[in-house]
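This report refers to the structure that appears directly beneath it.
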Number of protein chains: 2
Amino acid sequence: MVTVHDVARSAGVSISTVSRALAAPEKVASATRERVRRAAAELGYRPNRAAAVLRAGRSGAYGLVVPDLANPYFAAVAKGAQERAREHGAGLFIVDTDEDPDLEAEAIRALAPQTDGVVLCSPRAADRALGALDGRPVVLVNHDVAGVPAVEADHRGGMQRALEHLRALGHHRVAYVGGPERSWSDRRRRAGLVEASARYDDVEVVELGAFRPRVEGGQAAADLVVASGATAVVTFNDLVAVGLVDRLRARGLDVPHDLSVVGCDDSYVASLVTPPLTTLRVDLRRLGRHAVDRLVASASGGRSTGAETPVPDAPPLDVELVVRSSTAPPVRHSSGGTL
Amino acid sequence: MVTVHDVARSAGVSISTVSRALAAPEKVASATRERVRRAAAELGYRPNRAAAVLRAGRSGAYGLVVPDLANPYFAAVAKGAQERAREHGAGLFIVDTDEDPDLEAEAIRALAPQTDGVVLCSPRAADRALGALDGRPVVLVNHDVAGVPAVEADHRGGMQRALEHLRALGHHRVAYVGGPERSWSDRRRRAGLVEASARYDDVEVVELGAFRPRVEGGQAAADLVVASGATAVVTFNDLVAVGLVDRLRARGLDVPHDLSVVGCDDSYVASLVTPPLTTLRVDLRRLGRHAVDRLVASASGGRSTGAETPVPDAPPLDVELVVRSSTAPPVRHSSGGTL
DNA sequence: TTGAAAGCGCTAACAA
DNA sequence: TTGTTAGCGCTTTCAA
């Protein structure tokens, strides 16, 4: 293994000059710097991270905790986060908790001491999670706790747009098919939709219970939606919408004519399925990138003794309505006709 | 921060006893061990990983390099790998290289020194990748280099099954829509299909060039498939199959009647799209788990005192044909008849 | 069975 | 601008 000593010897300088030349180039004469760099490159020197961490107290790596990597939503966020971490020259530990609050707390406890900070994406048990972190830099994605930096999408605005779209098509009774019970995103989306509907006295929202945020959840919800008498439905995410459409079709119902469906997230499945889903688009990759940026900011800002993290709160990311083929004007069933 | 010294003081022993009691309990009298453990728990002691790594030379973490986390294939592998790493009490660094060979080599160079070993999933530049590892434990997934442990699926068997299925339906001209040029999986699948067809003199395989392993790749391939005169097609993966179906439909062709389509991987999109895809199923999660198991075995094999795990070469994972609705007997267009 | 002591490779305070 | 030096917290001989 090549160490600073080898590089120092080869470049004819001391080990501290090597360290400086590599970590704080401006503190070294340019000629020396070049000599050191060349020697390092020649010998194939790679700094030992463990030693640097031990000595300097920061690890150059961050953590990302997500409920389920197989969910395209979180995969996209993870991709953005990891990309940005790389650009910051840092590593990223990604941990998938399988939607399990116990695993989540456990993951954080394991991650916290060996990283410079953690991004918690859609935490399933935020209080416990934050406890496990004891004071380490953290950024919340899709969650909200007083005093903790967070990054989120503008769900309220999105739902507003979705509802206006449906209303303009002539829908007056809209169902909402919710996600996991503990989910903060679910509460936000639900509240956003209800709030939007409150502005009009000709639109009513029917809220339906907690469903798994996957295809199965949508399948399970479909019959309730039909029974609710709604002519349009907004789902917690695209996967749920896909399951919903699937089950409706199995019952002989047509989307969008018998029921209009709006998904959420515009994950890539939305455009693959039949019919392609009208959905709310969030730039997930960007969400991941932002989260890491904020973490880096608060991890390097909050380093000083005494003063707390200043890091301004970022504005929510825009949520855009993407209209595809799963929404249309309702068909009037005047008296049980087959049309 | 609580250190071994604090625990030692509190338990009335030396720091070496603390270290031993925690890391090698059998080398410490049970009474002492208990005392140390209690003290550690009381003080909330968490070993400093960096220090342990620096001193002991192993990190308790592994690396996983994948080309694209947003691809459900790799997401599934990553999930399995991370699950298994957790069960081994180790961490897992997941790095997404965006299908870029340079980033791949770079990722490995960064990962290698700070992990106990790396899983390379579908490497895009294996030779460079292995070079960057210089001798560290590694396991290849979907790749093959002499002398390097690997985990793979039985693509040959899978292709055999796919071809038999198509032949039984009455197809005699089958196209193969390939994945990335550098892809080992692509070569395997291609060769498996060609090999299978060689057993029958009434089936012919038409090989089509390299396409991106995504929806766009399938869209790009569709017109070539039609022009090839094949009545059935096997694609590099499900995503490509989805793109293919999409483009065929846009041209007014029907799947499966005008063309039968077989996907690969049975990623969850396969059952979501219309028509649901006939595809080759690989248990990806298991693939990820196996890879980590092999890595752990070979990483600790070199170090262990006695003869514990001899790391046998794992047999390829079964590949199963899942028949859904995208395959059917070919329709005879004898002279433009509509049947 | 336990303790003393020697570093692992690096950074950063201090000196020159 | 550069060098000297003292550890960071831990594991692991070696002795007792």
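Residue numbers start from 1 in every chain, and the chains themselves are labelled A, B, ... in the order their sequence lines are given, proteins ahead of strands. Note that the structure is predicted; figures quoted are calculated from it, not measured.
Residue B/Glu34 places its CD atom among more than 12 non-hydrogen atoms of other residues, nucleotides or ligands, all under 6.0 Å distant.
With a cutoff of under 4.0 Å to any heavy atom of chain A, the contacted region of DNA chain C is bounded 5' to 3' by C/dG9 to C/dA13. Protein chain B contacts DNA chain D over a range whose 5' and 3' limits, counting nucleotides with an atom under 4.0 angstrom from a non-hydrogen atom, are D/dG9 to D/dT13.
Nearest approach of A/Val296 to A/Tyr62, heavy atoms of both residues: CG2-OH, 3.6 Å. What you find for B/Ala153 and B/Asn142 is that their closest heavy atoms are N-OD1, 4.4 Å. The nearest pair of heavy atoms linking B/Ala21 to B/Arg33 is O-CG, 4.1 Å. B/Ala107 and B/Thr97 make their closest contact through CB-CG2, 4.4 Å (heavy atoms, listed as atom of the first residue, atom of the second, distance). In terms of heavy atoms, A/Trp184 sits closest to A/Glu152 at CH2-OE1, 3.2 Å. The heavy-atom pair separating B/Ala78 from B/Leu64 by the smallest distance is CA-CD2, 3.6 Å.
Listed by first then second residue, pairs satisfying salt bridge (Lys or Arg N to Asp or Glu O under 4.0 Å) with a partner in residues 79-95 of chain A read A/Lys79-B/Asp68, A/Lys79-B/Asp96, A/Lys79-B/Asp98, A/Glu83-A/Arg285, A/Glu83-A/Arg289, A/Arg84-A/Glu87, A/Arg84-A/Asp293, A/Glu87-A/Arg289, not counting sequence neighbours.
Nucleic acid contact for B/Val28: sugar-phosphate only, since backbone atoms but no base atoms lie under 4.0 Å from a heavy atom of the residue.
One finds the CD1 atom of A/Ile94 at 6.0 Å from the CG atom of A/Leu69 (value rounded to the nearest 0.5 Å). Summarising the geometry, atom SG belonging to A/Cys121 is positioned 5.0 Å from atom CZ belonging to A/Phe74; distances are rounded to the nearest 0.5 Å. To the nearest 0.5 Å, the span separating CD on B/Glu42 from CZ on B/Arg37 amounts to 15.0 Å. The distance from atom CZ of A/Arg9 to atom OG of A/Ser14, rounded to the nearest 0.5 Å, is 13.0 Å. One distance of note links CZ of A/Arg49 with CG of B/Leu54; it measures 14.5 Å at 0.5 Å rounding. We find the OG1-CG distance between B/Thr17 and B/Leu22 to be 11.0 Å, quoted to the nearest 0.5 Å.
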Fill in: Verdict with reasoning, A/Arg124 to A/Ser183, per side-chain contact (heavy atoms from CB on, under 4.5 Å)
CA-CA 7 Å; A/Arg124 297 312 188 211; A/Ser183 166; 4.2 Å; yes
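Residues of residues 7-21 of chain B that place a heavy atom closer than 4.0 Å to DNA chain C, in numerical order, are B/Val13, B/Ser14, B/Ser16, B/Thr17, B/Arg20. For DNA chain D, the residues of residues 39-48 of chain B within the heavy-atom distance limit of 4.0 Å (strictly under) are B/Tyr45, B/Pro47, B/Asn48, sorted by number.
With axes fitted over five pairs at each extremity, the angle between the ends of the helix from C/dT1-D/dA16 to C/dA16-D/dT1 is 30° (10° resolution).
The nearest heavy atom of DNA chain C to A/Val2 and to B/Ala29 marks one nucleotide each, and the one closer to the 5' end goes with B/Ala29.
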